[in-house]
Amino acid sequence: MRDFMLNEEDRAFRAEIVEFLDRELVPRAEAIERDADWEAVSAVVRALGEAGYMKLMFADLYSGSLSNPGLTHATILSEEAALRNYAFETTIATALSCAFPLHRHARPEIRDRYLSPILEGRAVGSICMTEPDVGSDSAGMKTRIRFDAARDEWVISGFKRYISNASKADVYIVWGISDPDVAPQKGMTALAVPSDAAGLCFPRTYDFAGRRGCVVGEVAFDEVRVPRDHLLGEENQGFKVMLGAFNFERVILGGSGLGVARSAFEIARAHAQKREAFGQKLGQKQLIWDMIAEMSWRIDAAELLTHRAAKMYDSGIDGKELMREAAQAKLVATETAVFCADRAVQILGGDGYTRQFGRCEQIYRDARALPIVGGTSEMCKYLIAAREMPEIRPNL
Ligand SMILES: Cc1cc2nc3c(=O)[nH]c(=O)nc-3n(C[C@H](O)[C@H](O)[C@H](O)COP(=O)(O)OP(=O)(O)OC[C@H]3O[C@@H](n4cnc5c(N)ncnc54)[C@H](O)[C@@H]3O)c2cc1C
């Protein structure tokens, strides 16, 4: 049974979101892919916000008490959106990953200023960690953040790359080293930066193999200044803000991987039952049903791990206690997406490799980003092994 770990409320949410995405996203999905159409992406982001589906995940903001955002629903939204168009999904997944630290760590007035517009679909958020010299090794970042007491402002100098929603976002969450004399874990600071801050610029937009329609580019900070209250959490505690955001982001990426994997599987399964070769359906050939069976069990494993991590989070488990489960969900779901995309192309043969006959080759290109973004598969394995062997530290 699919959805085994979900309750009635979760299933009702999925039914609603499916209806919404079929109405708003599906008719635009072709333009998003063909023309890398940002306007189409942002139209669906607006509609999603207006329909209230981003708010549902931060329901506490609207009822008065600040508790954990609802990750199960965020994951279902990611899965169903990625199944229909991964570029759109990655835009909102990034916005949600930006919303999370704002929700958790921003001063109330800053939270209200930047978070509400994201949740209402009027604004897009972005998270800036990766730099030219550091990706996985984020503690080694070169961006510097200092506090100018005379002007009561934070000052950021640095350069970030591979940033989703780069030139399109309204607010950027930025990490930088604020005390170079101590370990980065104790000398990193996180800030919220509005897109109109002087000194912020976007030198390059990348031309990626897939995810067409989601803008990814460079973000340069040339002595960018923000007021004191734009600090997230405490000064020099940015690493904690980052680690907290990782769990949330990885579970959502479980949903992304699951959606992309399902989209490939559905195409492959339909083709295997229709196409004939050597006088029989393709699906009757042992080598093909082996592939169908393997795609099926991998998807179910990815789903169980993703829902487990989301449910754990929603029941109040986070931080180190969720690190292994969040990493497992991300690792298995994203590797499953790559596996299923590859096997779908194989099962479709020539049809799978051309743009003329359906989405298979698009899914193949899209899927490949998943084991890289939000912590590579290798980093996820490190996190899992580190929890399994707490007495020793696996060598990074
Ligand atoms: C489409 C896309 C969107 C992105 N969006 C964002 C975003 O919004 N914000 C953001 O901050 N970043 C973003 N990124 C960056 C992404 O998070 C990084 O690409 C990722 O963390 C890997 O960093 P890197 O590319 O510098 O590779 P590296 O860290 O240089 O790693 C290269 C390879 O070496 C492996 N490796 C590294 N260290 C070890 C080790 N100790 N042991 C074994 N293997 C190791 C890695 O797993 C990887 O396979 C995005 C990237 C892409 C492709």
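Numbering of ligands and ligand atoms starts at 1, following listing order. If you're wondering where the values come from, they're calculated on a predicted model, not measured in any experiment.
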*Asks:* Nearest non-hydrogen atom to atom 3 (C) of ligand 1 belongs to which of Met141, Lys160, Arg211?
*Replies:*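 Comparing heavy atoms across Met141, Lys160, Arg211, the nearest one to atom 3 (C) of ligand 1 lies in Arg211.
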*Asks:* By the definition side-chain contact (heavy atoms from CB on, under 4.5 Å), identify the one residue from Glu33, Arg34, Glu361 that meets it with Arg355.
*Replies:* Glu361
*Asks:* What is the nearest protein non-hydrogen atom to atom 23 (O) of ligand 1, stated with its residue, atom name and distance?
*Replies:* Gly135 CA, 3.3 Å
*Asks:* Ser136 versus ligand 1: do any nitrogen or oxygen atoms come within less than 3.5 Å of each other?
*Replies:* yes
*Asks:* Would you confirm whether the ring centroid of Phe202 sits within less than 6.0 angstrom of the ring centroid of Tyr172?
*Replies:*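 Tyr172 vs Phe202: aromatic centres under 6.0 Å.
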*Asks:* Strictly distance-based, threshold 3.5 Å: is any side-chain N or O of Asp179 a donor or acceptor partner for the main-chain N or O of Asp181?
*Replies:* yes
*Asks:* According to the side-chain hydrogen bond (donor to acceptor under 3.5 Å, both in side chains) rule, which pairs have a member within residues 161-170, sequence neighbours left out?
*Replies:*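 Every side-chain hydrogen bond (donor to acceptor under 3.5 Å, both in side chains) pair that includes a residue of residues 161-170, provided the two are not neighbours, is Ser164-Arg211.
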*Asks:* Return the CZ to CD distance between Arg308 and Gln328, rounded to the nearest 0.5 Å.
*Replies:*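 So the CZ of Arg308 and the CD of Gln328 are separated by 5.0 Å.
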*Asks:* Show me which atoms of ligand 1 lie under 4.0 Å from any heavy atom of Ile163.
*Replies:* 7 (C), 8 (O), 9 (N), 10 (C), 11 (O)
*Asks:* What is the closest protein heavy atom to atom 13 (C) of ligand 1, and at what distance does it sit?
*Replies:*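 Minimum-distance protein heavy atom for atom 13 (C) of ligand 1 reads Tyr162 O, 2.6 Å.
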*Asks:* Quick one: is the NZ or CZ of Arg262 closer than 6.0 Å to the six-membered ring centre of Phe265, and within 45° of its axis?
*Replies:*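 No; the conditions do not both hold, so Arg262 does not lie above the ring face of Phe265.
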*Asks:* Test your reading of the model: is there a side-chain donor-acceptor pair from Thr354 to the backbone of Gly350, 3.5 Å cut-off?
*Replies:* no
*Asks:* Is the backbone N or O of Met379 less than 3.5 Å from a side-chain atom of Thr376, with the two atoms forming a donor-acceptor pair by type?
*Replies:*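 Checking the backbone N and O of Met379 against the side chain of Thr376, a donor-acceptor pair under 3.5 Å is found.
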*Asks:* Any protein heavy-atom neighbour for atom 5 (N) of ligand 1 (distance below 4.0 angstrom)?
*Replies:* yes
*Asks:* Please state which protein non-hydrogen atom is closest to atom 19 (O) of ligand 1 and give its distance, to 0.1 Å?
*Replies:* Ile372 CG2, 3.7 Å
*Asks:* Which of the numbered atoms in ligand 1 are under 4.0 angstrom from any heavy atom belonging to Glu378?
*Replies:*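 Per the distance check, 44 (N), 46 (C), 47 (O), 49 (O).
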*Asks:* Specify the protein heavy atom at minimum distance from atom 36 (N) of ligand 1: its residue, its atom name, and the distance to 0.1 Å.
*Replies:* Met379 CE, 4.1 Å
*Asks:* Is atom 39 (C) of ligand 1 close to the protein, meaning a heavy atom under 4.0 Å from it?
*Replies:* yes
*Asks:* Is atom 30 (O) of ligand 1 near the protein, in the sense that some protein heavy atom lies at less than 4.0 Å from it?
*Replies:* no
*Asks:* Using a 4.0 Å heavy-atom cut-off, say whether Tyr382 meets ligand 1 through its side chain, its backbone, both or neither.
*Replies:* neither
*Asks:* Does Asp35 reach the main-chain N or O of Ile32 with its side chain, forming a donor-acceptor pair under 3.5 Å?
*Replies:* no
*Asks:* What do you reckon, does Ser164 have a nitrogen or oxygen under 3.5 Å from a nitrogen or oxygen of ligand 1?
*Replies:* yes
*Asks:* Who's closest to atom 52 (C) of ligand 1 heavy-atom-wise, of Val373, Asn165, Thr376, Leu396?
*Replies:*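 Nearest heavy atom to atom 52 (C) of ligand 1 lies in Val373.
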*Asks:* side-chain hydrogen bond (donor to acceptor under 3.5 Å, both in side chains) with Glu16: which residues, sequence neighbours excluded?
*Replies:*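 Applying side-chain hydrogen bond (donor to acceptor under 3.5 Å, both in side chains) to Glu16 gives Tyr53.
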*Asks:* Has the side chain of Arg343 got a donor or acceptor atom that lies under 3.5 Å from a matching backbone atom of Met291?
*Replies:*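 No, because the side chain of Arg343 does not come within donor-acceptor range (under 3.5 Å) of the backbone of Met291.
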*Asks:* Before signing off on this row, confirm whether Ile127 and ligand 1 have an N or O atom pair separated by under 3.5 Å.
*Replies:* yes
*Asks:* If I apply the N/O under 3.5 Å rule, does Met129 come out as touching ligand 1?
*Replies:*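 Indeed, backbone or side chain, Met129 has an N or O that close.
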*Asks:* So which heavy atom in the protein is nearest atom 16 (C) of ligand 1, and how far is it from that ligand atom?
*Replies:* Thr130 OG1, 3.8 Å
